[in-house]
Amino acid sequence: MVKLTVDGQQVEVEAGITVLQACEIAGKEIPRFCYHERLSIAGNCRMCLVEMEKSPKPIASCAMPVAEGMVIHTDTPKVKKAREGVMEFLLINHPLDCPICDQGGECDLQDQAMGYGRDHNRYDENKRAVKDKNLGPLVKTIMTRCIHCTRCIRFATEVAGVDEMGAVFRGEHMEVGTYVEKALTSEMSGNIIDLCPVGALTSKPYAFTARPWELRKTESVDVLDAVGAAIRIDSRGREVMRVLPRTNDDVNEEWISDKTRFAYDGLGKRRLDKPWVRRNGKLQAATWGEAFKAIAGRLNGVPGNRIAAIAGNLIDAEAMFALKTLMGSLGSANIDCRQDGAKLDARVRSSYLFNSGLAGVDVADAILLVGTNPRWEAPVLNARIRTRWRAAGIPIAAIGPRFDGTFPVEMLGAGPTTLADVAEGRSSFAKVLEGAKNPMVIVGQGALSREDGAVVLDLLRGLAERFKLVRDGWNGFNVLHNAAARVGGLDLGFVPGEGGRDLAGIVKGAQAGEIDVVYLLGADEIDSNALGKAFVIYQGHHGDAGAHQADVILPGAAYTEKDGTYVNTEGRVQLGRRAAFPPGEAREDWAIIRALSETLGKTLPFNNLVELRQKLVAAAPTFAAVGEKPNATWGAFGQSGQPGSEPFRLPIADFYRTDAISRASETMAQCSALYVQGRNVGTGTHG
């Protein structure tokens, strides 16, 4: 620890931190543009100048490490004059276009010019102009506003892992941009918009649509992947205008993926806003009463073992619990939330969780990736792995198809044979795992959603136990999900009951005429054509794949339009909040199921969301620990046997179009055409 004095106040801080951080610990506000807590120190904006005794001139506090006995002054006339001078230099070439700038109202330069700048300008020379750069369909550039803080360059290089941005020329002629003009090929490029302290980098889809003071801000969680990133949804009336990240160090730090940030325009397109009933082979608009009556008429006299339900990837826990309860009252055990057919064991919670927690990556010293491409399945997790690799140079290996990562990966092999070699100590990487203090294996759905998935899971359990991945204080066995609803569904038991059919059994039964009615709760990732002549009830918010074969369509609410509970890949229970109301006659999913149950004469035992959540917690106590990372008990899981020889596959073929919302998004369609179908170099396409 180091003791120093800040404005007459003695503080004790950790050795190695900067003077700027020490001043903030002492409660002093230090202005800055280039400094950011999660990026390397550049020290090039000079806005954070403070006075240090025995120093002949002010020092840049962001770049100066603390030392014993330092005496720092942050509010002397000398400091004030220095900051005013720096601000004057920064504004020499900055255009006076605040009224038309999308950053207006939330601009660091505006705020700090008011707080630390002069009330006049001594320069009357012409301002320079810089040509705008084309960074793709997501980030808009007005480079004349750039103050050369280099935050975007450091983020792209250090966090996103794409060395595509930099500065050319020197002095007044310096320009920030891509070395060869091209679209940024990172799945996290939108974060440079938040990092930019001026209006040089703004959101292209959001441009000129709203001002920040017009928007209602709602704190929620993302459901477009299984990380469960903390987000803020900004809406105006019924329309979601933008999605921004919130800081949650344990989950997403302060980053979100481009899909999370930009797919919101899909919320307003291809929406289901009224019930539909198929009559004489054609879907026709109907009332809620008519839709419920059609369902009740078809279910009349159908035994429970001929009824099935499948839950989709974006569904909240309340809706799944309501549907599970309804199916139970109808006598059906044919339910499944695993649309991809993953062989996950709901009886042992540690068998399907990211047990170390996402933040556990920060202390891992060896990582084995099995059947996963974290860059596309969980970009925020991928950024954590890259940050850990940059900090400690840890060994990372993978089993499965090659993928374009942002950190060096040793490809060990393609399938279960290689996994068995590692698990039984015959691979060179086995020695790495054996010598590691905090070894970690991350298994994706590409390894588990196969016929022999349970056998692969058994191999992985053996590997975890052999190399002591599981011990007191550490569990390095991690399952990476790509569906926001998956862990919640497994936690509440939305899997086949005794004698029930799983997804494959439901589809096979429908084709054979053994399943008469299939209830698709937002299930768009299955082949609904394979359901044969079964009566299909589709409940969802978009007219996506699941709705095309439906006999009755019930319009539900998207994740931004309802209060819901979601469980992320590490088992952390999180609450989503309603930011806008659903369109037309659409309603919250649990409320639709509750109303249907009354029509069927099987009224569910709750009348509102509070009562439903009480029943949910009583049935699955893990839902009571909101916001906490669980410590699941280790147990036996998997199925012994000989795995197949087929190589693992990667579960996501197109990062930008993985669900009903992103498939309806025009912005994501542009990204898919440019980065995936266009096969740009470095886009994360599979090798």
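For this chain, numbers begin at 1 and follow the sequence in order. Computed from a predicted structure; not experimentally measured.
Of the charged side-chain nitrogens involved, none lies within less than 4.0 Å of a carboxylate oxygen, so that E106 and K217 do not count as a salt-bridged pair. Note on D249 versus R38: salt bridge recorded, some NZ/NE/NH1/NH2 to OD/OE distance being below 4.0 Å. Between D75 and K28, no side-chain nitrogen of the basic residue sits less than 4.0 Å from a carboxylate oxygen of the acidic one, so the salt-bridge criterion is not met. We find that E219 and R246 are joined by a salt bridge, their nearest charged nitrogen and carboxylate oxygen being less than 4.0 Å apart. For R236 and E214, the salt-bridge test passes: some basic side-chain N is under 4.0 Å from an acidic carboxylate O. The pair E175-K133 meets the salt-bridge criterion, with a side-chain N (NZ, NE, NH1 or NH2) lying under 4.0 Å from an Asp/Glu carboxylate O.
The stretch residues 116-165 participates, sequence neighbours left out, in these ring pair (Phe, Tyr, Trp, His ring centres under 6.0 Å) pairs: F155-W255.
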Solution key, residues 49-56 side-chain donor-acceptor pairs under 3.5 Å, sequence neighbours excluded:
| from | atom 1 | to | atom 2 | distance (Å) |
| --- | --- | --- | --- | --- |
| E51 | OE1 | T76 | OG1 | 2.7 |
| E53 | OE2 | H73 | NE2 | 3.1 |
| S55 | OG | K57 | O | 2.8 |

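Looking only at distances, no side-chain donor or acceptor of R384 sits under 3.5 Å from a matching main-chain atom of D362. Judged by distance alone, with hydrogens and angles left aside, the side-chain atoms of R572 form no donor-acceptor pair with the main-chain N or O of N568 at under 3.5 Å. With hydrogens and angles ignored, the 3.5 Å screen pairs no side-chain donor or acceptor of D222 with any backbone N or O of A229. For the pair D97 (side chain) and I100 (backbone), a donor-acceptor distance under 3.5 Å is absent.
A donor-acceptor contact under 3.5 angstrom links the side chains of Q677 and S672, judged on distance only. Side-chain contact, R261 with N191: a donor N or O sits under 3.5 Å from an acceptor N or O. D7 and Q9 share no side-chain donor-acceptor pair at under 3.5 Å. Side-chain atoms of S203 and D102 form no donor-acceptor pair, as typed in the model, at a separation below 3.5 Å. If you check the side chains of D132 and T141, you find no donor sitting under 3.5 Å from an acceptor.
For R32, the side chain to side chain donor-acceptor pair (under 3.5 Å) test picks out E24, with sequence neighbours left out.
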